[in-house]
Structure formats: structure tokens, C-alpha cells
There are 2 protein chains.
Amino acid sequence: MTRATTSIKTYNQDCSDCPIRHRAVCARCESDELERLEQIKYYRSFEAGQTVVWAGDSMDFVASVVTGIATLSQTMEDGRRQMVGLLLPSDFIGRPGRATSAYDVTAATDTVMCCFRKKPFEDMMLKTPHIGQRLLEMTLDELDAAREWMLLLGRKTAREKIASLLTIIARRDASLQLSAADGELSFDLPLTREAMSEYLGLTLETVSRQMSTLRKEGLIVTEGKRHITIPDFDRLLEETGDDSDGGFLV
Amino acid sequence: MTRATTSIKTYNQDCSDCPIRHRAVCARCESDELERLEQIKYYRSFEAGQTVVWAGDSMDFVASVVTGIATLSQTMEDGRRQMVGLLLPSDFIGRPGRATSAYDVTAATDTVMCCFRKKPFEDMMLKTPHIGQRLLEMTLDELDAAREWMLLLGRKTAREKIASLLTIIARRDASLQLSAADGELSFDLPLTREAMSEYLGLTLETVSRQMSTLRKEGLIVTEGKRHITIPDFDRLLEETGDDSDGGFLV
DNA sequence: AGAAATCCTTGATGTAGATCAATCCTGATG
DNA sequence: CATCAGGATTGATCTACATCAAGGATTTCT
């Protein structure tokens, strides 16, 4: 399938000499509208676990993640929670034209965001079609990711869910650091067991048990609670239930 | 929450004197680029159950549903299927800039689509920012819907899932026909039990059983297998697990 | 009208994952 | 160094939903 490949290309893109330093808003790193953007941006930092906005709260900015990881979640009245977005560096937050947040936004790790006040940002969008196009592209990517996620939530077993999540994180992480593969892959899990369970629609106990099983079977190796190495990525991929072609770093 | 309201506004919009006859592409029904669109469009019809494209097949057009209902689904190698999109009249199909379909597209009922060959359509998009903006708006709506759907798949019980699906269809249907409420609501279910199960991440047996339970409890009334009336919409809403405010037809 | 598809319902039984409940790390704090 | 707190693990048990299996109701074809 092409989707896996797509998300990799997306995160691979290096934007280091763009003044905003990430591709969320600037598609090509060349136009000089960027300077105008530069003028209306500001940074905010959040600690791991901190809430950025609650669902329903007013939100007068849009933002993009610079470093760290943020999540979007929905909560039911009785407290059941489902994560609906996992935002990595360069991902975009907020919907132009909407005044309040539809989701709880939480910093999963220490996080820095690059914010733009909504009004000036929307003005810019009108003037520079570039940005709207970029946003459309990113939104379509997110929609594809959401649909893959729906398959996971609706049809995969607990084991497949865990394997899928690990490969998703490993892939994104690998492409960010460009520290790709020689079969083996290693990274820090940015999510607690609880956050994983909210991503996967499971309980944290089930997550823990399945992680243990994968460890016992040698599909993953753990150092401490958070550092994971995947000795054989393809073998783990087989456990995800996804089409095998997958195309890692193609 | 605002989302429910959003989707209603979306489907309420009457576009009857627009040459394309639906809001998927024309935002305002006023510009004369519409005439150009008019020139590159063509219609296709599908019978209930017919497949429009398979995942992975090349797809040289984008389209929008004129009448009927289409679905997007993903299939795993072993045959497990999850619906990931439910397309009603005026909804858009296909991703500009992608040559193949990422999903199985199926006609759930007899369906007519208004198609545009991809290349000319993309050319038009470049020339008329209008269309890109409209598409961004629609994609953001779809993303919100997908996220609501993720909550359903990940955290709701079978009963809540069924109640949610019924209210979703009732709402969209009501807003299309503008045949709103006096407490009671009535419509034809456009989905088989199997399609419902694919939407909800359940088996068709569980869907059937839960429908029976809701019927016995008087929350729904059925005539034949497909026609449903909801005597008290608010009472059904309470079974969805969603926030109660909801705002039906606000 | 009879046969044959479809689609739907209902029952009996099995099981993956939830729930309830201890216990264990590991790094922080006084 | 002892204590403590926030994760994480592991066990015992329960249950919602899946699975397997057998009819029933409608529509379509011959």
C-alpha cells in the first residue's frame, strides 16, 4: 500500500534552512511570505503531561509541533478516553475557521510549539494560496492516517494493535533521525502504557501484557521501561496484520 | 459539542440552482468557473452492491455523490473489513494528486456520481483557489467525522455503537429531506446488517441482536427490514454515550 | 407456484480482553 | 538512606462480543 510510504516521505523532508524550521506551513522554503509568517509567530513550551487546551475551550491560535509529541483525545462523560491524533514534530494543530478546540490537546513529552495567532494566520492564508494548498495536503495525509487507525481500532487484535503502534512510532522516529535500518531499530517510547492504551482502544493492563508477550518472544527488547529496540523490523511487521509489502523507507 | 452541529449545517445547504447540483465542488453557486467545471463533468451510475473501484486500482477521476450512498472500506489479507468512509449526496471521492484508490469504494444503494477526470480537475484547482478552499473545508469536516468515528470504534459498547449509527443516519437524512422533527423521525436504512457491522467494527449477528433489543425496548420501530422510525429521538440520543447537548438541527 | 438467492434473526457456546486487586520497579525527595 | 509516588507488571476472575449453527422472511428467477 502507498500510505505507509507516504507518511515516511512526509516526515523525511528536511526544512532546516526554512525560517520556521519545519514544513507544517511552508511548503517549499523559498517564498518570501515566510518572512511575514516569521513576524507573527511565537513559541510556547509544555511539560510532559501538561494540557495545552481542553475540548471546548477557546483557542485563538494555530500551531505546529517543533519538538516533542502532543496528542489529541476525546473524552466521554463517564471518563472513557480515546486518542484521535498523535502529533509529531512538524504536525499542525488547530482548525482555521474554528474558534474552540474540538479535542483535548496534551503534551505527551516535553514539547515546544510554534504558534500563530489565528486571525493573522487566516489573513495570510487568504493572501498566499501556497499555505492553503499545503494545509490541504497535510489534512489529506491526516485523514488517511485516521482511516488506517480506524481499521486498527475496529478490527485488529490486541497483539496486532501493539505491533502496529510500535512500527508506526519506529518508522516516524527513524525517518526523523534519519538513523535508518540495518535490520535493527531502536528508540524511546514517547508514550506511557496508559497513553498507549488510549491510542489503541485497550486497557493499560492489556497493553502491558501484550508488551510482555512480545518481549518474551524476542520480537522486541526493552531497556528500562521506555527504551525499545526492534531486532528484526520485518518480523514485527508480520504481527501487525497489515499488507506485507509496506515499503519501509522506500 | 460543535461537531454534530457542523455536519448538519453542511448537509443542509441547498444548492439546487448550481449547475453541478451539489456543494462538493462549488462553494457559493455564483462564480462562472462553474461553467468550466460543467464542461468537464460526466455522470456514472452504479447499482446497489456494485464496486466502484478496488483499493490499489488506478483511478483517473474524482467524483462527488449525486444520489445514493457509497462507502469506503479497507480489507485485511484474511478478509476482515472495516468501513472508513460513508459518503452521502454531495460528498467528495478521490484524492487530488493520487493516482490510485487507497480504499474499496462500493455503492451501498443505487448511486449516481458526478465525475471529473483528474487531470482537468487538478488544472482547475490551480486556477481557482475557491475549489481548493472548499476542498480543505470538506476534508477538515471529514477528519472530524473520522475522529468521532474513532471514539465509537475504540470505546463504545455495541449498543452505543448502534444507537450512534442510527442517529447519524437519521440526522443526515433529516437534513437532506428537510423533513425534520416533531419528536418522531422516520427513514430507510441504506445499509444491510453486514454493512452496519463493517461500519461499527462488530459482527452482523451482534448488530442484529442489538437492533432487536432496541426494538423490544421501544427505542426504535421497524417496518419490514429496512424502514425505521425513531419515536423519541432524544431518548435514543441518550443511548449513544455522546454528550447530551448535541444540538439537533440547531 | 416452486426453487433459489439474499438477508435477517435467534440460540448455544467459546474466548479475548476487561475488571479487580496485589505487588514491583525506579527515580525523586526529605 | 529510607520513604514515597507514579508508572509498570502480573494474577484471578468476569463478561461482552465473537463464533458456530440452524432456521425464517422476502424477493427474484424459472
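The sequence lines fix the lettering, A, B, ..., with proteins before strands; numbering per chain opens at 1.
At a cut-off of 3.5 angstrom, the base of dC8(C) holds no donor-acceptor pair with the side chain of Glu205(B). Residue-to-nucleotide contacts include no donor-acceptor pair under 3.5 Å from the side chain of Arg193(A) to the base of dG6(D). For a distance-only test at 3.5 Å, the side chain of Arg209(A) qualifies as a donor-acceptor partner of the base of dT19(C).
Closest to the side chain of Ser208(A), out of dT10(D), dA18(C), dG7(D), is dT10(D). Residue Ser212(A) places its side chain closer to dT10(D) than to any other of dA8(D), dG17(C), dT10(D). Side-chain atoms of Lys225(A) lie closest to dT26(C) of the nucleotides dT10(D), dT26(C), dC8(C). Checked against dG17(C), dT9(C), dT9(D), the side chain of Leu202(A) finds its nearest nucleotide in dG17(C).
Whole-Å rounding puts the Leu152(B) CG to dC17(D) P distance at 12 Å. Protein atom CD of Glu194(B) is 12 Å distant from nucleotide atom P of dT6(C), rounded to whole Å. Between Leu200(A) atom CG and dA18(C) atom P the separation is 10 Å, expressed in whole Å. Between the C1' atom of dA16(D) and the CZ atom of Arg80(A) lies a distance of 13 Å, rounded to the nearest Å. When the P atom of dA16(C) is taken as reference, atom CD of Glu160(A) falls 12 Å away, rounded to whole Å. Taking atom CD1 of residue Ile162(B) and atom P of nucleotide dC8(C), one finds them 12 Å apart after rounding to whole Å. As a whole-Å value, the separation of Leu204(B) CG from dT19(D) C1' is 11 Å. If you take CZ of Arg159(A) and P of dT15(C), they are 18 Å apart, rounded to a whole angstrom.
With contacts defined as side-chain heavy-atom distances shorter than 4.5 Å, the pair Phe46(B)/Thr51(B) does not qualify.
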Verdict with supporting geometry, Met113(B) and Ile93(B), side chain to side chain contact (heavy atoms under 4.5 Å, CB included): CA-CA 9 Å; Met113(B) 291 185 190; Ile93(B) 299 173; 3.6 Å; yes
For Trp149(A) and Tyr199(A), what are the C-alpha separation, side-chain angles and deciding distance, and is it a ring-ring contact (aromatic ring centres under 6.0 Å, His included)? CA-CA 9 Å; Trp149(A) 201 337; Tyr199(A) 185 110; 4.1 Å; yes
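In this structure, Arg226(B) forms no cation-pi arrangement with Phe187(B), as its terminal cationic atom is not both closer than 6.0 Å to the ring centre and no more than 45° off the ring axis.
Ranked by how close their nearest DNA chain D nucleotide is to the 5' end, Lys216(A) and Thr206(B) are led by Lys216(A).
Between Thr203(A) and dA18(C) there is a side-chain polar atom (N or O) within less than 4.0 angstrom of OP1 or OP2.
If you check every strand for non-hydrogen atoms under 4.0 Å, Gly201(A) touches sugar and phosphate atoms only.
In this structure, Gln82(A) CD and Leu200(A) CG are separated by 8.5 Å, a value rounded to the nearest 0.5 Å.
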